[in-house]
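Contents: one structure, followed by commentary.
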Amino acid sequence: MARPIAETPVLTGKDAVRFEERMRMVESLTKEQRAENTRKLKEAVKEAKKLITVCI
């Protein structure tokens, strides 16, 4: 049987301010900056895959 989903907590104080600042920072990225972030993430995943061994 499925469990009920808990309510999302409301952010207040410093947490709310930090969240809002981070949201603005993401929105202000240029298309080139987003592409560079994506490229860096893909490279990091590629490097991490070299270190991971899956045993079944």
| said: Applying salt bridge (charged side-chain N to carboxylate O under 4.0 Å, His left out), can you list everything that pairs with Arg39, at least two apart in sequence or on another chain? | reply: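 For Arg39 the salt bridge (charged side-chain N to carboxylate O under 4.0 Å, His left out) partners, ignoring immediate neighbours, are Glu36.
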
Counting only pairs under 3.5 Å, give me each side-chain donor-acceptor contact of residues 12-23, with atom names and distances, residues two or more places apart or in other chains.
from	atom 1	to	atom 2	distance (Å)
Asp15	OD1	Arg18	NH2	2.5
Glu20	OE2	Arg24	NH2	2.5

Would you be so kind as to tabulate the donor-acceptor pairs closer than 3.5 Å made by side chains of residues 41-56, with sequence neighbours excluded?
from	atom 1	to	atom 2	distance (Å)
Glu47	OE2	Lys50	NZ	3.2

